[in-house]
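Worksheet: one structure, shown below.
Whatever order the structure lists ligands and atoms in, that order sets their numbers, starting from 1.
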Amino acid sequence: MDRLLIVEKIEKRYGRAHVLGAKQEVTALLDVSFSIGRGSTLALVGESGSGKSTLALCIACLERPTSGKIVFNRNEITVLDEKQLREVRPQIQLVFQDPARSLNPRFSALELVSEPLLVQGRLDKREREARARALLGQVGIPQEKALQRAEEFSGGQRQRLAIARALSLEPKLLILDEALSALDCSVQAQIANLLMELQGRLGLTYLFITHDFAMAGHLAHEIAVMEQGRVVEIGAADEVLGTPNQEVTRRLIAAMPRLTAEAHAPRAV
Ligand SMILES: Nc1ncnc2c1ncn2[C@@H]1O[C@H](COP(=O)(O)OP(=O)(O)OP(=O)(O)O)[C@@H](O)[C@H]1O
Ligand SMILES: [Mg+2]
């Protein structure tokens, strides 16, 4: 399969001022390598602090890795300068856990979804509005709610808005960093289904970050498990779930609710 994203031996160290004045370094990522096939989903699972969000920021060109190489859409993005990065960034969009913090509560649904197009100077006003309305439709927000303010939507609807906004610039890769974690189970399932439907329709590629192995098994074709900055296990979702090799993988699988585990059969590639 054609690989949209190739990550090779990424390392990320953060300098941190120590109380006694000496500089201390934190290694957030160490020797991380993997790739994601175009149009497929890789779930990144790991305990808190294992480096998942740091990896997401490096891939989205919002942090520079200390060393290593990232190739996106056949283009090595780790060597690009700031001006060149501005052209790549719209193609890799991030959706975070907490839409209340990433969306301006005073903006209407329509404004939120058309703003990235305005900032990029794409399309005129009428075209922007038409495109934003179409996107709202795609994520299941009714047209009569287009002028409702973000703060007046439910958590699940706000996450739908965040997804519509992320899709407005037609990204190739969507990184979802714990994007469903704050939602109720039934809302999680609805949005997971929406993500799969959008993937089928638009050919999107997902990096789906989660603590939740059940959701990873449901959504992803492949699963990578992180521990202390390293990818310690990676493979087809059913293999990682069925025959985990690492202690941390077994621990994360044991933490998933049994009923959910049986309900979520892994996806075929
Ligand atoms: N800006 C930063 N400066 C210094 N250290 C950082 C910074 N960002 C992350 N770290 C450190 O890097 C490590 C990995 O953090 P990261 O946020 O990537 O973990 P995570 O897997 O996303 O955790 P969680 O599941 O809790 O979101 C942690 O030790 C963290 O303290
Ligand atoms: Mg995180």
Side-chain angles (χ1 to χ4, degrees), residues 5 7-34 36 41-68 70 77-78 82 85 89 92-103 155 158-159 162-163 166 173-183 188 191-192 195 206-220 222-234 240 244 246-257 260:
L5 181 80
V7 173
E8 256 179 53
K9 294 188 183 320
I10 284 294
E11 184 170 332
K12 177 68 183 177
R13 292 193 297 267
Y14 288 112
R16 200 186 261 167
H18 193 258
V19 262
L20 299 175
K23 259 221 152 176
Q24 213 185 21
E25 281 206 329
V26 178
T27 303
L29 298 173
L30 193 62
D31 198 20
V32 171
S33 302
F34 65 92
I36 313 181
T41 301
L42 176 80
L44 195 60
V45 192
E47 291 169 327
S48 187
S50 55
K52 305 182 297 295
S53 295
T54 304
L55 184 55
L57 294 173
C58 289
I59 293 169
C61 310
L62 299 172
E63 284 280 1
R64 271 193 192 274
T66 312
S67 65
I70 301 176
I77 56 177
T78 25
E82 191 50 34
L85 283 178
R89 279 195 194 106
I92 306 171
Q93 291 288 316
L94 260 167
V95 178
F96 297 101
Q97 174 166 356
D98 187 358
R101 275 199 307 180
S102 56
L103 300 179
R158 276 205 291 265
Q159 209 50 304
I163 292 167
L173 175 66
L174 204 58
I175 304 177
L176 299 125
D177 190 351
E178 303 277 4
L180 309 186
S181 308
L183 305 171
Q188 276 190 3
I191 299 195
L195 288 171
Y206 294 145
L207 176 62
F208 185 81
I209 299 177
T210 182
H211 285 89
D212 180 350
F213 236 104
M215 194 49 86
H218 181 51
L219 264 174
E222 290 184 295
I223 297 178
V225 181
M226 287 193 74
E227 185 179 33
Q228 295 183 7
R230 294 173 186 270
V231 170
V232 292
E233 178 155 14
I234 185 164
V240 174
Q246 298 290 320
E247 183 50 40
V248 62
T249 314
R250 286 191 280 270
R251 203 158 60 230
L252 287 160
I253 291 174
M256 76 197 225
T260 336

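- In the vicinity of His211, heavy-atom distances shorter than 4.0 Å reach the ligand 1 atoms 25 (O).
- Summary of contacts: the protein heavy atom closest to atom 30 (C) of ligand 1 is Arg16 NH2, 4.4 Å.
- Distances from atom 24 (P) of ligand 1 to the heavy atoms of Ser48, Cys58, Ala56 show the closest one on Ser48.
- Within the 3.5 Å criterion, the main-chain N or O of Leu180 finds a donor-acceptor partner in the side chain of Gln188.
- Shown in contact with Ser53 at under 4.0 Å from a heavy atom are these atoms of ligand 1, numbered in order with element: 17 (O), 18 (O), 20 (P), 22 (O), 27 (O).
- Here the side chains of Ile59 and Ile10 are not in contact, with every heavy-atom distance at 4.5 Å or above.
- Protein heavy atom in closest approach to atom 11 (C) of ligand 1: Val26 CG1, 4.1 Å.
- The protein heavy-atom contact nearest to atom 16 (P) of ligand 1 is Thr54 OG1, 3.6 Å.
- Here the protein heavy atom with the shortest distance to atom 25 (O) of ligand 1 is Lys52 NZ, 2.7 Å.
- Distances from the Mg ion (ligand 2) show that Ser53 has an N/O/S atom below 2.8 Å.
- Between the Lys12 side chain and the Arg64 main chain, a donor and an acceptor come within less than 3.5 Å of each other.
- The number of heavy-atom neighbours closer than 6.0 Å to CD of Gln228, taken from other residues, nucleotides and ligands shown, is 12 or below.
- Closest protein heavy atom to atom 12 (O) of ligand 1: Ala28 CB, 3.3 Å.
- Taking atom 9 (C) of ligand 1 as the reference point, the nearest protein heavy-atom neighbour is Tyr14 CE1, 3.5 Å.
- Put simply, the side chain of Thr78 gets close to the backbone of Ile70: a donor and an acceptor are under 3.5 Å apart.
- Side chain of Ser181 to main chain of Gln97: no donor-acceptor pair is present (N/O by atom type, distance under 3.5 Å, no hydrogens or angles).
- Every atom of ligand 1 with a heavy atom of Ser50 under 4.0 Å away is listed here by number and element: 19 (O), 21 (O).
- No donor-acceptor pair closer than 3.5 Å links the side chain of Thr210 to the backbone N or O of Val45.
- Taking 4.5 Å as the limit, every side-chain heavy atom of Glu233 sits out of range of all side-chain heavy atoms of Val248.
- What sits closest to atom 28 (C) of ligand 1 on the protein, heavy atoms only, is Gly49 O, 3.9 Å.
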